Amino acid sequence: MRNKIIALMDNAVRTAIQRGLLPEISLPYIEVEIPGNPEHGDYASNVALILASPAKQNPRKIAEIIQSNLSDPENIIARTQIAGPGFLNFFIKENIWRQTLQFIEEKKENFGSSSMGNGKKVQVEFVSANPTGPLHIGHARGAVVGDVIANLLKTSGYDVSKEYYINDAGNQMNNLGKSVLLRYRELSGEKIEFPENCYRGDYIKDIANDVIKKDGKKYLTADDEQTIRHFTTIAGGVILDEIKDDLRDFGVNFDNYFSEKELYKNEGVARLLDSLQKKGFIYSDGETLWFKTTDYGDEKDRVVVRKNGEPTYFAADIAYHKNKYDSGFEMIVDIWGADHHGYMPRLWAGVQALGHDKDTLKIILVQLVNLLRGGVPVAMSTRSGEFVTLREVLDEVGKDAARYNFLMRRSDSHLDFDLEVAKQQSNENPVYYVQYAHARICSIIKMAQEKDMALPVYADINASLLCEPEEINLMKMMARYPETIYGAVRTLEPHRITFYLNELASLFHSYYNRNKVVSDDVKLTAARLFLVKTISIVLQNALKILGVNAPEKM
RNA sequence: GCGCCCAUGGCUCAGCUGGAUAGAGCGCCAGACUACGAAUCUGGAUGUCGCAAGUUCGAAUCUUGCUGGGCGCACCA
């Protein structure tokens with residue numbers, strides 16, 4: 001709908017220019033918004049105000065010119081008005097809103113989907129935690145944000161691939177193997193000292209125990225370095241499997257798990273660095289190799305090969321991103337913890353050196369989660385192994401409540417996650433508010449069917465019976481759903497969907513309390529049944545994108 | 001010290017790439033089931049959008065400075 005208005009405006013301005021009523025000026029992107037105040041119409045545009053300065057004319061005068069050049073071939077506008085300093089307000093005919101009901105019936109689960117992505121290949125990479133321990137609550141937020149962004153892109157016609165990058169080539173993994181070895185020795189009766197950089201969680205002991213059960217004590221006398229490598233592989237595998245299980249139960253599934261080790265095969269990283277050096281992006285100071293990231297606005301140049309000859313994480317990351325582009329992805333979305341923000345200029349520099357536009361790499365920062373229980377902060381310390389895992393959150397509050405709660409804020413703002421509130425089945429928990437609206441509708445429809453009132457199709461109802469202001473508002477709200485999706489995709493901001501859902505559910509609950517859907521009036525009942533049915537479709541579609549269930553009963 | 005992000009009612013946050021009278025939820029007060037599910041609804045109170053300048057028809061939104069908080073500044077990942 002909004003797009004239609006934009007097109008009409010665009011046409012009107014062009015026509016006015018052609019007729020010489022307005023000077024030749026380059027057309028700005030026409031902005032059409034939904035005014036907060038209903039007296040200002042269903043849609044409002046400020047083009048006249050924008051054009052006032054370049055056209056050197058009074059904005060109200062311009063608005064009048066545009067207004068008189070508007071043509072409305074589809075006959076959707078009831079009236080227009082010029083208001084304030086030069087706003088052009090549009091009032092849409094009520095019947096047009098009713099048509100959206102028919103549109104929803106046609107589209108069903110595809111209402112809100114579009115082809116704006118045009119099959120563009122996009123990769124969304126997220127979570128990407130080292131397999132050195134179970135996922136905790138901090139990873140959970142990134143997991144949901146990434147998953148929902150992928151869903152949004154998919155529903156908008158992008159060809160999306162979800163990837164988990166396994167950082168399994170660095171020191172951290174070695175420390176993991178070492179930790180297992182230490183616990184192994186301890187369980188075998190040796191006294192050990194546990195260093196700072198090792199992992200203390202109980203899961204390490206479990207893994208060590210399993211090794212003892214399987215292989216006995218034969219590693220006590222083996223070569224340490226070899227054993228650590230072996231234990232690293234075992235532990236990494238076990239932990240990654242657990243991570244996959246946790247994610248699956250959280251509703252997050254990946255298309256691909258990419259191991260950092262892959263990058264080093266066939267001297268991949270070294271060859272890439274070599275070619276970048278030949279192109280002049282990398283220079284040597286005699287001992288180390290430096291990437292000239294300052295050429296692209298970074299604070300300082302960055303090391304890619306250390307004094308000891310080992311490539312840095314950054315070096316591997318350039319290779320990794322080259323691999324992404326080489327795989328045919330035209331747009332790449334990386335989802336990071338916000339504490340990595342300082343790393344952005346570096347990676348953008350790398351991407352540009354590879355010959356890609358900076359804008360093709362979107363980086364979404366996800367802020368920390370403050371975990372609370374009944375308003376009291378829950379102490380978390382990774383070093384000591386005391387943290388609340390994703391698994392524990394899932395067991396305690398459930399998938400739907402957890403996911404929904406993580407999506408209620410912009411991802412770059414801090415989030416308070418209160419376990420007590422999230423598991424409460426009360427009005428403090430917005431996920432139930434929305435799900436309840438859906439369950440209520442299902443219940444109404446079921447009851448109607450029990451009374452032999454079948455769910456009608458649009459062709460069989462008299463939609464003009466839906467004339468209560470609340471009914472028109474519900475239709476307007478539903479007509480906004482595709483626009484909401486569009487906005488969420490454009491900005492990669494999933495939280496817009498939860499805000500939309502809350503508003504739609506609120507309108508419905510309010511409507512429900514004031515008006516009876518099922519009554520003695522057969523025709524009115526049919527029309528209203530159809531209306532609430534379309535609401536349930538929109539609720540389902542939006543919840544599906546969030547990966548949250550739309551239950552028929554609660 | 002340098003850089004990035006944030007600052008909106010008592011609390012937690014929206015505010016759609018500059019718009020008209022700044023919005024929700026929670027909490028507080030007062031009400032609504034002999035009607036489709038009260039996990040719901042109706043009404044009420046609450047604001048110098050951190051402070052100060054600037055840009056313009058118009059600023060919570062953009063610029064600069066300041067205050068206060070978070071994070072980052074590795075040859076770690």
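Note on naming: letters A, B, ... go to the chains in the order of the sequence lines (proteins, then strands), and numbering restarts at 1 for each one. All figures in this text were calculated on a predicted structure; none of them were measured in a lab. Worth knowing before you read on, the calculation uses all heavy atoms, side chains too, and leaves out hydrogens, waters and symmetry mates.
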Heavy-atom protein contacts under 4.0 Å, nucleotides 8-19 of chain B, coded B base, S sugar-phosphate only, - none
----SSSSBSSB
Please name all residues satisfying ring pair (Phe, Tyr, Trp, His ring centres under 6.0 Å) with A/His321, sequence neighbours left out, ordered by chain then number.
none
For B/G9 versus B/G50, give the span between their P atoms, rounded off to a whole number of Å.
8 Å
Given B/A77, B/C36, B/U40, which nucleotide is nearest the side-chain atoms of A/Ile444?
B/C36
Testing B/A20, B/C4, B/A77 for proximity to the side chain of A/His40, the answer is B/A20
Return the set of residues passing salt bridge (Lys or Arg N to Asp or Glu O under 4.0 Å) with A/Glu125 (not counting sequence neighbours), or none when no residue passes.
A/Lys324
Given B/A39, is OP1 or OP2 found less than 4.0 Å from the side-chain N or O atoms of A/Tyr436?
yes
With sequence neighbours left out, the residues meeting side-chain hydrogen bond (donor to acceptor under 3.5 Å, both in side chains) with A/Asp418 are none
B/G58 to B/U67 separation - C1' atoms, rounded to the nearest Å
28 Å
According to the 5.5 Å centroid and 30° plane-angle thresholds, does A/His509 stack upon the nucleobase of B/A38?
no
Inter- and intrachain pairs under side-chain hydrogen bond (donor to acceptor under 3.5 Å, both in side chains), touching residues 438-448 of chain A, at least two apart
A/His438-A/Gln540, A/Arg440-A/His509
Between B/A77, B/G72, B/G37, spot the one nearest the side chain of A/Glu260, thanks.
B/A77
Residues forming a side-chain hydrogen bond (donor to acceptor under 3.5 Å, both in side chains) with A/Glu471, sequence neighbours excluded:
A/Tyr511, A/Arg528
Is there any side-chain hydrogen bond (donor to acceptor under 3.5 Å, both in side chains) pair reaching into residues 357-367 of chain A, and which pairs are they, with sequence neighbours excluded?
A/Tyr325-A/Thr360
When you measure from the side chain of A/Glu493 to the backbone of A/Arg410, do you find a donor-acceptor pair of N or O atoms at a distance under 3.5 Å?
no
Using a cut-off of under 3.5 Å, enumerate the N/O to N/O pairs linking the protein to nucleotides 42-47 of chain B.
| residue | atom | partner | partner atom | Å |
| --- | --- | --- | --- | --- |
| B/U42 | OP1 | A/Ser510 | OG | 2.9 |

Map A/Trp290 and A/Asn502 onto RNA chain B by nearest heavy atom, then report which one ends up closer to the 5' terminus.
A/Asn502
Donor-acceptor pair between A/Asn167 and A/Gln172 side chains, under 3.5 angstrom
no
Name all residues meeting the salt bridge (Lys or Arg N to Asp or Glu O under 4.0 Å) criterion together with A/Asp339; count only those two or more places apart in sequence or in a different chain, and write none if there are none.
none
Mind telling me whether B/C29 is syn or anti, cutoff 90° either side of 0?
anti
Base, sugar-phosphate, or nothing: which does A/Ala439 touch, judged by heavy atoms less than 4.0 Å apart?
base
In dot-bracket, 5' to 3', how would RNA chain B read with Watson-Crick or G-U wobble pairs under 3.5 Å, [ ] for crossing ones and | for pairs to another strand?
(((((.(..((((.....[...)))).(((((.......))))).....(((((..]....)))))).)))))....
Using atom types as modelled, flag every donor-acceptor pair under 3.5 Å from a side chain in residues 477-488 of chain A to any protein atom, sequence neighbours excluded.
| residue | atom | partner | partner atom | Å |
| --- | --- | --- | --- | --- |
| A/Tyr481 | OH | A/Ala542 | N | 3.4 |
| A/Glu483 | OE2 | A/Arg2 | N | 3.2 |
| A/Glu483 | OE2 | A/Tyr43 | OH | 3.3 |
| A/Thr484 | OG1 | A/Arg480 | O | 2.9 |

Starting the side chain at C-beta, find the nucleotide from B/A38, B/A77, B/C73 nearest to A/Arg440.
B/A38
Have a look at A/Ala448 and say if it touches a base, only the backbone sugar-phosphate, or nothing, with a 4.0 Å heavy-atom cut-off.
nothing
Among B/U21, B/A77, B/A74, the nucleotide that comes nearest once only the side chain of A/Asn130 is considered:
B/A77
Residues passing the ring pair (Phe, Tyr, Trp, His ring centres under 6.0 Å) test with A/Tyr257, sequence neighbours excluded, are A/Tyr164, A/Phe254
Would you say the base of B/A20 and the side-chain of A/Asn89 have a donor-acceptor pair closer than 3.5 Å?
yes
